[in-house]
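Read the numbers this way: they start at 1 and go in the same order the structure lists the ligands and their atoms.
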Amino acid sequence: MTDARLGELGFTAAQADAFRAFAAEGLVAGRVVAGHTRYLRVATPDGETLAELAGSLKHQAESALELPAVGDWVALRPGAEAGSGVIQAVLPRRSAFVRRAAGARTVAQVLAANVDTVFLVMGLDGDFNLRRIERALVLAWDSGAAPVLLLNKADLCPDAPQKRAEVERVAPGVPVCVVAAKPGEGLAALKPWIVPGRTVVLLGSSGVGKSTLVNRLLGHEKQKTREVIESADQRGRHTTTHRELIALPGGALLIDTPGLRELSLWSDGAGLAAAFDDVSTLAAGCRFNDCGHDSEPGCAVRAAVADGSLDAARLESFLKLQAELRSLEIREDPLKRRAEVGRWRAAFKSVRKNPKRG
Ligand code: GDP
Ligand code: ZN
């Protein structure tokens, strides 16, 4: 399927391949733009559809992770009534943000799918915290989306260049942009990621300026962008409805769902290894495969701390996050979670190798 409308919504060649078998059955491809209740809003080339889950999808799902979330691509059987449909399948994701809901039993839920870029927003004011940045990077790498660090409120920070250098040291290979969302400074640096067909999300603690940034990105064209999603609606319904996947003026798509902004750590360890690429590389030189970088002989990581090439606080941060992930593993079946996360792990690797992929 080469529908231009699908491309605008972020449909990739891989998803088109995956969809081919469904197209042969007369199903329609669409992207979930909102949905928490029984019904999901799905944008399709023929307009927006209010869709229900097929009973088979609900009953065959082994976990909530298999159910469609905002940003997912789905195969839809159009209903008899215009604008209605039934979701028959969820197409393979290229990335996903998963939340583990707190409780006696850890339950995982997808909050956003098929995200290309995650803007990790940090404040250059009182919020500035390198350890928090490291933690956020683990989460971002684990999602399969490529992280970009946004240091906001530059107008409040006299030593922004120095802060930026500190951040670059804890975020190897991650682009860092210094911006001031409120006065609108430095935002041109975000252009490489605000491009047609690409999907972005904003993560960061409360108060760092995410809403301000979203409004900046939407600019004065908020109304116009809404029409992009609705333009193909031939029935001309123009009711204003809540959406969590929004088209930005630059052609990119923004996912902004409640809960996504304050994700807690959920990882199979790959995100940790990626966020701490420097530590992982050093660890390969440790004498023992399972070195805990504590008091083992021949520890290359400790040696790097001793000779000053690795910051002790960074190692401490790594060990702390690792311990946190291990306690998660004990609480649930690691094999099962590994399989779940592994679904988009392959895509994750290709994102890392080629972050500018179109
Ligand atoms: P959110 O909780 O992350 O969505 O943060 P908001 O967008 O609500 O911003 C929190 C506060 O920070 C508001 O008072 C904003 O006006 C302010 N703010 C956001 N960006 C900037 C900035 O670049 N500079 C300054 N000085 N204040 C900002
Ligand atoms: Zn070691």
Side-chain angles (χ1 to χ4, degrees), residues 97 111-112 118-129 132-133 135-136 139-140 147-161 163-164 167 176-190 200-219 222 244 246 248 254-263 269 272-273 276-323 326:
F97 283 89
L111 290 174
V118 44
F119 288 143
L120 293 174
V121 190
M122 305 287 154
L124 279 170
D125 51 0
D127 174 68
F128 188 79
N129 181 327
R132 193 178 308 142
I133 291 176
R135 163 179 284 271
L139 205 133
V148 175
L149 279 164
L150 264 57
L151 307 181
N152 189 32
K153 307 196 188 185
D155 56 313
L156 297 181
C157 181
D159 59 346
K163 290 265 167 60
R164 182 204 187 105
V167 168
V176 180
C177 302
V178 174
V179 301
K182 198 173 166 193
E185 288 155 24
L187 299 177
L190 307 183
V200 302
V201 300
L202 275 81
L203 294 189
S205 331
S206 171
V208 295
K210 294 178 302 297
S211 308
T212 311
L213 205 57
V214 166
N215 288 334
R216 279 277 169 201
L217 295 175
L218 288 171
K222 187 163 183 176
E244 295 171 346
I246 314 154
L248 293 177
L254 171 82
I255 295 184
D256 192 12
T257 73
L260 178 61
R261 291 171 168 203
E262 62 271 354
L263 270 175
L272 185 72
F276 288 83
D277 211 20
D278 48 350
V279 178
S280 316
T281 304
L282 284 167
C286 293
R287 185 176 306 164
F288 300 110
N289 255 341
D290 60 347
C291 183
H293 319 308
D294 183 15
S295 52
E296 291 87 344
C299 175
V301 176
R302 282 277 167 208
V305 172
D307 74 15
S309 55
L310 179 68
D311 192 354
R314 181 157 167 82
L315 174 58
E316 201 181 304
S317 176
F318 169 81
L319 293 173
K320 198 171 151 219
L321 289 167
Q322 191 179 52
R326 291 207 169 130

Exercise for the section: Less than 2.8 Å from the Zn ion (ligand 2) is the window; count the protein N, O or S atoms in it. Expected result: 4
Handout entry: Under 3.5 Å: N/O of P183 near N/O of ligand 1
Key = no
Problem - G207 touching ligand 1 at heavy-atom level, < 4.0 angstrom - result: yes
Exercise for the section: Answer yes or no: are there more than 12 heavy-atom neighbours, outside N289 itself, under 6.0 Å from its atom CG? Expected result: no
Fill in the blank from the handout: Contact region, D155 to ligand 1, non-hydrogen atoms below 4.0 Å, reads side chain
Exercise for the section: Assess whether atom CD of E316 is packed by more than 12 heavy atoms of other residues, nucleotides or ligands within 6.0 Å. Expected result: no
Fill in the blank from the handout: Within 4.0 Å of some non-hydrogen atom of A180, the atoms of ligand 1 are 23 (O)
Practice task
Find out whether F97 and V118 are in side-chain contact, i.e. whether some heavy atom of one side chain is under 4.5 Å from a heavy atom of the other.
Solution key: yes
Practice task
Please work out whether any backbone atom (N, CA, C, O) or any side-chain heavy atom from C-beta onward of L156 is under 4.0 Å from ligand 1, and answer side chain, backbone, both or neither.
Solution key: side chain
Completion exercise
ligand 1 atoms nearer than 4.0 angstrom to some heavy atom of S205 are 3 (O)
Handout entry: S206: partners by side-chain hydrogen bond (donor to acceptor under 3.5 Å, both in side chains), with sequence neighbours left out
Key = none
Completion exercise
So for V121 against ligand 1, with non-hydrogen atoms under 4.0 Å, the contacting part is neither
Practice task
Report yes if some heavy atom in the side chain of L254 is under 4.5 Å from a heavy atom in the side chain of L202; otherwise report no.
Solution key: yes
Handout entry: Side chain proximity check, L190 to L150, heavy atoms < 4.5 angstrom
Key = yes
Exercise for the section: Report yes if some heavy atom in the side chain of C157 is under 4.5 Å from a heavy atom in the side chain of K163; otherwise report no. Expected result: yes
Completion exercise
Filtering K210, K153, K182 for the heavy atom nearest atom 1 (P) of ligand 1 leaves K210
Exercise for the section: Consider every N or O of L213 and every N or O of ligand 1, then say whether any pair is closer than 3.5 Å. Expected result: no
Handout entry: Intermediate values then yes/no, side-chain contact (heavy atoms from CB on, under 4.5 Å), N152 and K182
Key = CA-CA 9 Å; N152 189 32; K182 198 173 166 193; over 6 Å; no
Exercise for the section: Indicate yes or no: at least one non-hydrogen side-chain atom of L187 is less than 4.5 angstrom from one of L213. Expected result: yes
Handout entry: G209 N/O to ligand 1 N/O under 3.5 Å
Key = yes
Exercise for the section: Dump the intermediate steps for side-chain contact (heavy atoms from CB on, under 4.5 Å) on F276 and R314, then the final yes or no. Expected result: CA-CA 9 Å; F276 288 83; R314 181 157 167 82; 3.5 Å; yes
Practice task
For the residue pair K153 and D155, establish whether any side-chain heavy-atom pair is separated by less than 4.5 Å.
Solution key: yes
Problem - For S211, atoms of ligand 1 separated by under 4.0 Å from a heavy atom - result: 1 (P), 4 (O), 7 (O)
